Amino acid sequence: MGALYGAARAARSRLRPFLSESRAIVPILHKIGGERSFCSHSRQNSREGAVDLGQFPPERIRNFSIIAHVDHGKSTLADRLLELTGTIKKGHGQPQYLDKLQVERERGITVKAQTATMFYRYGIKEDDAMENLSNYLLNLIDTPGHVDFSYEVSRSLAACQGVLLVVDAAQGVQAQTVANFYLAFESNLTIIPVINKIDQPTADPVRVKAQIKSLFDLDPADALLTSAKTGQGLEHVLPAVIDRIPSPPGKCDSPLRMLLLDSYYDEYKGVICHVAVVDGALRKGDKIASSATDHVYEVLDVGIMHPELTPTGVLFTGQVGYVISGMRSTKEARVGDTLYQAKSTVVPLPGFKPAKHMVFSGLYPADGSDFDALNHAIDRLTCNDAGVSVSKETSTALGMGFRYGLSVPQEYGAKVISTVPTVPYMFEYADGSKVQVQNPAALTSNPGKRVTACYEPSVIATIIFPSEYVGPVITLCSERRGEPLEYSFIDCQRVLMKYRLPLREIVVDFYNELKSITSGYASFDYEDAEYQQSDLVKLDILLNGQPVDAMATIVHNLKAQRVGRELVEKLKKFIDRQMFEITIQAAIGSKVIARETISPLRKNVLAKCYGGDVTRKRKLLEKQKEGKKRMKRVGSVDIPQEAFSELLKVSKD
Amino acid sequence: MGGNNSWKSFGANSQDDTNLRRALNPHHTEDSTGSSNCMERNNIPGAEASQKEMEMPRSMNFQLYPLLSLPHRPRVGSKFSPTPSTSLLPCLTAVCRISSDVHTSIPLPLPRPPLPEAAYIHLPFCRRRCHYCDFPIVALGSSSHRLDDDPRISTYIRFLLHEISAAKAPSSLHPPIRTVYFGGGTPSLVPPRLVRSVLEAIRAKFGELAADAEVSMEMDPGTFDARRLDEMVGVVGVNRVSLGVQAFQEELLQACGRAHGRGEVDEAIELVAGCRGIESWSLDLISSLPHLTEEMWEESLRLAVSARPQHVSIYDLQVEQGTKFAKLYTPGEFPLPTESQSAYFYKMASEKLSKAGYEHYEISSYCKPGHECQHNQTYWQNRPFYGFGLGSASFINGVRFSRPRRLKEYEQYVKKLEMKTTAEEDDDVAIVDAKETAMDMVMLSMRTARGLDLKWFESFFGEAMKLSLCRAWRPYIDSGHIVAMDEEKRVVATCDFELEMAGGGQRRRWEVAFLRLSDPEGFLMSNELIAISFGVLSP
Ligand SMILES: Nc1nc2c(ncn2[C@@H]2O[C@H](COP(=O)(O)OP(=O)(O)OP(=O)(O)O)[C@@H](O)[C@H]2O)c(=O)[nH]1
Ligand SMILES: [Mg+2]
């Protein structure tokens, strides 16, 4: 999980800087109606209405997501479909065209779901006359496969009626395949299984079909076989989308209701919202209202992602596109919100739950005086991404900082200290009151009130792996205080296990560990589950008797001893000898459970200092002083910044 | 805003100051020791002469520099008050208020930086480079035994003489030079007549030396015999010798690449100790050499004491970048002693030499009462000094300047210098960074047993700064690394110190007058403790 955590951290760093750039590629628009001639428009002179969306009543619209386990080929498949429909030019642009974020390009994974509208001429078979081709408007949403971004999948599905469930023909069904299947299944979406990468020598589509049957009860005959690499079988994909996925169910003549799917901030255009028009139509100049905030906005620009922002002046029932409405910050654009015509009254759409961050870490500027800079950076971050939660806090050791959910702005990575990730615990006191604790330091060891019960959040984890690794996986899960829930074979070689695990146990290093004990073959997914009672203690780290609040953790009683030892040993490595002896202790309340000492410096003196070397000596000592500056002082002990970040790495309790 | 600027550098424009001083009618004391040389110069007619009359007088008691206030504050040019009459006035041409909590709008008046009374002269020649040495030296090799006619030496001396005579002699009333130090290199390799010519040049420039002037020379065993020593004393006027013994063990001498052995050491000690004209001599040792054992160190200290020098310098080996030692050894690792071993050696030296009647008056210096090296005191008291010769440093008018360390560049430098003097002076604006001055003052004085004179410090940097400094060091007074003392050098108890720092309501007289590092614990941690004070002086 450490790796995932890291990925998540990097992920949000540069959110969508690319959408704001005007691209060199000239979008090729199908001229709708009339001849199937191509006509190119540059962004600047593509006039609104170049695309006549009025031609697409709901029955000519299909909205679908591509979902899969990580790396099974979603984005590559999306490329092929965009090319096939002429939405992007073949061979132009980069592979995984929709992965626009820097982090996506660097890591080759999708982090943000991306929508693209395509036009496709197709004759429905029932028409009998194959010449009678109709134009279809297809909205494709490419989603991330990575477990950390599954929230992106769920919100994408809210705009769809069906999905392409892509499965790697060689790897077969993996944990996120299962998780994403259930997301689609529970949303009552049509599921089209696509067995991809059949060009690979180790491809075994027959086995994958069997897995699909046994795990999802899907008819193997419905599975499409493709290679997004060679193009094999791709011609069947869009026809299947049109034939099998229902058109959006909205009512054209009802008042406007649209679902806010996503939002981001563009430096030049301001807040850009992605919306799915459920009922009615939206036109430029309309006044729209938010049911969450009651704010009213004027629609300044509206259009589709084709794949770049393409103004259309209007969006009709069932269509997915973007709206620019003068919102100042993404905080005003609540994903899952219902937008409607101001002055009309509508019943809000069911929406969907906002992202809930369950993993928290303190974030402090390395240099206390940089708080403003960090504050500014965090502001920008939250402005860019409605999904980040942040609150200010103060640590006695680290000064002012933030407690943030999920992500850290990358460009500040070097200059911030982030503390051991924690999860929100719940403490119940003798008087019946309950307190949620996110920052362990906030939980005083001796609150006067007696703690009668502690609760911690848990998750239900799904792990799929080759059966020979059952032993190590069970060991790992029980070490992590897991409770086995399910154990089944998905075929003759692969096992699916479900465990209830404390969230705390998976936030640091779990996934890494799992990968390493299964030679990389295990896949892992989790969903949030409820709070569980647990025997928790607050573990303090003390330097010369003084607790260091930023290093406090809440751990399970059984693990306190080991974690305490580890933390203390690690700290010893990172704190330089100083003029006094330093004792490092880990303690639960007043009980010390681990202890190390650092012997004092014996000698730190410059032998000679004569006229010639005054300046040199002064500079030397100034350097030494600068070194001290980079330290955080707790009591009489100087702690280097690294010590804080290093502790983050160690604490796999 | 103003508060943040208080640490800027200020330029002291001599033109302004001269006028101001003239307006304020400075007293002009005639120098009783003024040589005929000086008188002659006084006779130079015209504007130049009158300008010269305006130059620094001898006494510092009444000649005050007009102060240079902060850029944003009104200039308070006429506020003068006498400076504390102390011989320890530092070169400080800037006024500074450091703390943000206490601001006086009237900056303190500044004393005119006194003219140097000390001169360092670098004679860089050595037989060969010792393995620990990173000094600017010229290795002559051991082949030519007759060094007295070596053209490398005579050429160098020529440049040195040119440098001295090209130096800006600020006044006909230059205070007499009180200390001259021939350092190296191995000055004892230079023929006495050449050394003499250097001293002559100094006299020609600055007038006759003070009657009790200290003239020191570094000498290495094996580089002089009785005759040469007599010449150095009799012909040149050397009256203090710093003898580079370094070690008493053959194997250690060899391991550090010294050009002499134990036999030469004993011989040299006998010569120096028995030489009449030498009033004071220092025996120099290096501690923590590779392969040094406790027994050897014990022996070295014993032999040092029995040689009965008035002064002992003990340098802890520093492995400097680029030296042979740096290639061979890592500090703290065998064959170098471990950190705690070398701390132990330091303590041994302090203990044994104290027992033998030596005062540990500076981190690496010990002496019999009254035998402090006057020249080095100049450095530690942050007083100005001249520097001449390859790689040497000077500290004049608050400005530290180092000469080139390479022979060719040094020669170029001297040539340029000569041209400049004839083409009128151009660099009378001294830019002094107040922060640096404060750091130097603390760094240097804390090396000595006298410690930091708090009143003196306060007079430059204000009470708030003094208090911040005390606060930063407070824990180390508790721990015994720093000692607080009153005017009479009596130790002040920590609780009293505390009370005084709290200050305010009590209105007690500030009894703590000095802070010093304890011996040996504080001295051993001097870097750490001084670096801590830097955090206050230059945050
Ligand atoms: N051989 C082969 N490789 C493929 C095929 N489809 C995709 N790939 C490769 O598989 C890797 C992953 O492809 P992506 O399209 O980025 O996968 P993804 O599902 O979008 O990954 P995430 O978005 O990170 O979940 C890339 O190196 C692709 O080139 C295929 O049909 N055959
Ligand atoms: Mg992808």
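Within every chain, numbering begins at 1; the chains are lettered A, B, ... in the order of the sequence lines, protein sequences first and strands thereafter. Owing to the predicted nature of the structure, the values given are computational and were not obtained by experimental measurement.
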### Task
Name the region of B/S392, side chain, backbone, both or neither, that has any atom closer than 4.5 Å to a heavy atom of chain A.
neither

### Summary
Assert top hit (heavy-atom pairs under 4.5 Å, partner chain A, pool B/F523, B/Y346, B/Y120, B/W380) equals B/W380

### Message
If I measure from the heavy atoms of chain A, does B/E528 come under 4.5 Å with its side chain, its backbone, both, or neither?
### Response
both

### Task
Check the pair B/S287, B/D316 against side-chain hydrogen bond (donor to acceptor under 3.5 Å, both in side chains), reporting the backbone distance first and the verdict last.
CA-CA 5 Å; B/S287 95; B/D316 201 56; 2.9 Å; yes

### Task
Between chain A and each of B/N376, B/I286, B/I363, B/I314, count heavy-atom pairs under 4.5 Å; write down the option with the most.
B/N376

### Task
Measure distances from B/M443 to the heavy atoms of chain A and classify the residue's part below 4.5 Å as side chain, backbone, both or neither.
side chain

### Task
Would you confirm whether B/E214, through its side chain, and B/R240, through its main-chain N or O, come within 3.5 Å as a donor-acceptor pair?
no

### Message
What verdict does the side-chain hydrogen bond (donor to acceptor under 3.5 Å, both in side chains) test give for B/S364 and B/E362, after you've listed the backbone C-alpha separation in whole Å, the side-chain angles of each residue and the deciding distance to 0.1 Å?
### Response
CA-CA 5 Å; B/S364 48; B/E362 190 263 350; 3.2 Å; yes

### Validation row: B/H311, B/C373 side chains within 4.5 angstrom (heavy atoms)
yes

### Task
Could you walk me through whether B/R403 and B/S394 pass the side-chain hydrogen bond (donor to acceptor under 3.5 Å, both in side chains) test, one step at a time?
CA-CA 8 Å; B/R403 277 136 205 82; B/S394 57; 3.0 Å; yes

### Summary
Counting heavy-atom pairs under 4.5 angstrom with chain A, the leader among B/G535, B/A531, B/S288, B/G183 is B/A531

#### Entry: Spacing of CG belonging to B/D284 relative to CD belonging to B/E218, to within rounding of 0.5 Å
7.0 Å

#### Entry: Within 6.0 angstrom of A/R577 CZ, more than 12 heavy atoms from elsewhere
yes

### Query
At a heavy-atom separation under 4.5 Å, does A/K623 approach chain B through its side chain, its backbone, both, or neither?
neither

### Message
Quick one, B/R383 and B/Q377 - any side-chain contact, counting heavy atoms below 4.5 Å?
### Response
yes

### Query
Any idea which of B/Y476, B/Y181, B/F135, B/F534 has the most non-hydrogen atom pairs under 4.5 angstrom with chain A?
B/F534

### Query
Is it the side chain or the backbone of B/H375 that comes within 4.5 Å of chain A heavy atoms, both, or neither?
neither

### Message
Please classify the contact of B/I532 with chain A as side chain, backbone, both or neither, using a heavy-atom distance under 4.5 Å.
### Response
both

### Message
Under a 4.5 Å cutoff for heavy-atom pairs, which residue among B/M439, B/Q318, B/R447 has the most contacts with chain A?
### Response
B/R447

### Query
Can you tell which of B/S342, B/A118, B/P520, B/S533 has the highest number of heavy-atom pairs within less than 4.5 Å of chain A?
B/S342

